[in-house]
Each structure stands twice: as C-alpha cells, then as structure tokens.
Amino acid sequence: DVQLVESGGGLVQAGGSLRLSCAASGFTFDDYAVGWFRQAPGKEREGVSTISSRDGSTYYAKSMKGRFTISINNAKNTVYLQMNSLKPEDTAIYYCQVAELEYYTGNFYGPIWDSNAWGQGTQVTVSS
C-alpha cells in the first residue's frame with residue numbers, strides 16, 4: 001500500500017517561510033506525479049501544486065505561483081514544498097498524494113488524486 005508522510009508544518013508569522021516534505025513509499029510504478037493539497041477548516045480540499053517525477057514539470061495554483069516552489073528528490077521518493085511570503089489564508093492542513101504518471105494530466109484535477117489513502121497531513125498556521 002502507498003504510504004505518505006507529510007512533515008515540516010508549524011506556526012509562522014505572516015511573511016515567513018516553511019518547507020514541507022512528503023515521503024512516499026509502497027508504490028510500484030516507476031514514474032509518478034506528486035501533488036500537494038490543503039484543506040482549511042470548513043473548506044473543501046484544494047490543490048496547491050504538482051510535480052512529475054519524470055521531467056520535473058510543475059503546476060501551481062494561481063494564488064501560490066511565485067510564492068511556493070515544489071521540488072523532488074527521486075532518489076529519496078521525497079517531494080518538497082517551499083512556501084515563502086506566507087499569508088494567514090494559507091493556514092490549513094497540507095497533504096500530499098501520489099499518482100501514476102500514466103494518468104497524470106499535468107495538474108491537480110481529476111480522480112487520480114483519490115486513488116490512494118491520504119496521509120495525516122501537516123498543519124500550517126500563519127499568524128497575522
């Protein structure tokens with residue numbers, strides 16, 4: 001079974017930075033995509049960013065582009081999300097998910113992102 005472990009969250013002041021990590025294991029496909037998602041209290045889960053393990057191509061939600069950077073260490077099956085210029089509205093639990101690259105459409109939309117169980121997530125709280 002796929003296992004996803006998110007870490008790196010915490011409490012930070014507005015304008016600060018955090019680096020999240022997503023360690024993925026238990027999957028058998030060679031090429032994959034990893035997506036970061038977040039869910040704030042009382043809100044639907046929303047996509048943040050995705051990356052392809054094959055070529056490192058990325059996709060960002062408009063509100064995160066320029067502030068967040070996703071990267072991947074294929075040797076470690078670990079994906080990072082560097083978050084800068086954080087805002088109070090970035091407060092949420094952040095989750096990662098993995099999907100087979102064969103079904104990846106280059107973004108965080110579609111049912112492929114519900115193919116595996118979600119991890120516990122990591123809490124990010126941005127104070128004003």
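Sequential numbering from 1 along the given sequence is applied to the chain's residues.
- For the side-chain contact (heavy atoms from CB on, under 4.5 Å) test, residues two or more places apart in sequence or in another chain that qualify with Asp55 are Ser52, Ser57.
- Listed by first and then second residue, the side-chain hydrogen bond (donor to acceptor under 3.5 Å, both in side chains) pairs involving residues 2-11 amount to none (not counting sequence neighbours).
- The one candidate from Thr122, Val12, Leu81 that meets the side-chain contact (heavy atoms from CB on, under 4.5 Å) condition with Leu18 is Val12.
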Walk me through whether Arg67 and Lys87 qualify under side-chain contact (heavy atoms from CB on, under 4.5 Å). CA-CA 10 Å; Arg67 298 190 299 125; Lys87 305 174 182 180; 3.8 Å; yes
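- Listed by first and then second residue, the disulfide bond (SG atoms under 2.5 Å apart) pairs that reach into residues 33-91 come to none, sequence neighbours excluded.
- Here OG of Ser49 is found 11.5 Å from CE of Met83. Values are rounded to the nearest 0.5 Å.
- With sequence neighbours excluded, the residues forming a side chain to side chain donor-acceptor pair (under 3.5 Å) with Ser17 are Asn84, listed by chain and number.
- The two residues Leu4 and Ala117 have their closest heavy-atom pair at CD1-O, 3.7 Å.
- Each ring-ring contact (aromatic ring centres under 6.0 Å, His included) pair with one or both residues in residues 66-88, not counting sequence neighbours, would appear here, but there are none.
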Start with the C-alpha distance between Val124 and Leu20, add both sets of side-chain angles, then the distance that settles side-chain contact (heavy atoms from CB on, under 4.5 Å), and finish with yes or no. CA-CA 9 Å; Val124 171; Leu20 306 184; 4.0 Å; yes
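- By the 4.5 Å heavy-atom criterion applied to side chains, Ser25 and Val2 are not counted as neighbours.
- For residues 32-48, the set of pairs meeting the side-chain hydrogen bond (donor to acceptor under 3.5 Å, both in side chains) definition, not counting sequence neighbours, comprises Tyr32-Asn77, Arg38-Glu46, Arg38-Asp90, Arg38-Tyr94, Arg45-Asp114.
- With sequence neighbours excluded, the residues satisfying side-chain contact (heavy atoms from CB on, under 4.5 Å) with Thr105 are Asn107.
- With a 4.5 Å cut-off on side-chain heavy atoms, Thr69 and Tyr60 count as touching.
- Scored by the side chain to side chain donor-acceptor pair (under 3.5 Å) test, Thr125 finds Gln123 as partners (sequence neighbours excluded).
- For the disulfide bond (SG atoms under 2.5 Å apart) condition, the pairs that include at least one residue of residues 61-128, sequence neighbours left out, are Cys22-Cys96.
- Asp30 meets the side chain to side chain donor-acceptor pair (under 3.5 Å) test with no other residue; sequence neighbours excluded.
- Membership of the apolar cluster around Ile112 extends to Phe37, Tyr59, Ile93, Tyr95, Leu101, Tyr103, Tyr104, Phe108, Tyr109, Trp113, Trp118, as traced through chained side-chain contacts below 4.5 Å between ILVMFWY residues.
- Looking at every heavy atom in both residues, Thr50 comes nearest to Gly35 through CG2-CA, 3.8 Å.
- In terms of heavy atoms, Ala14 sits closest to Pro88 at CB-CD, 4.1 Å.
- In terms of the side chain to side chain donor-acceptor pair (under 3.5 Å) criterion, residue partners of Asp31 (sequence neighbours excluded) are, by chain and number, Arg54.
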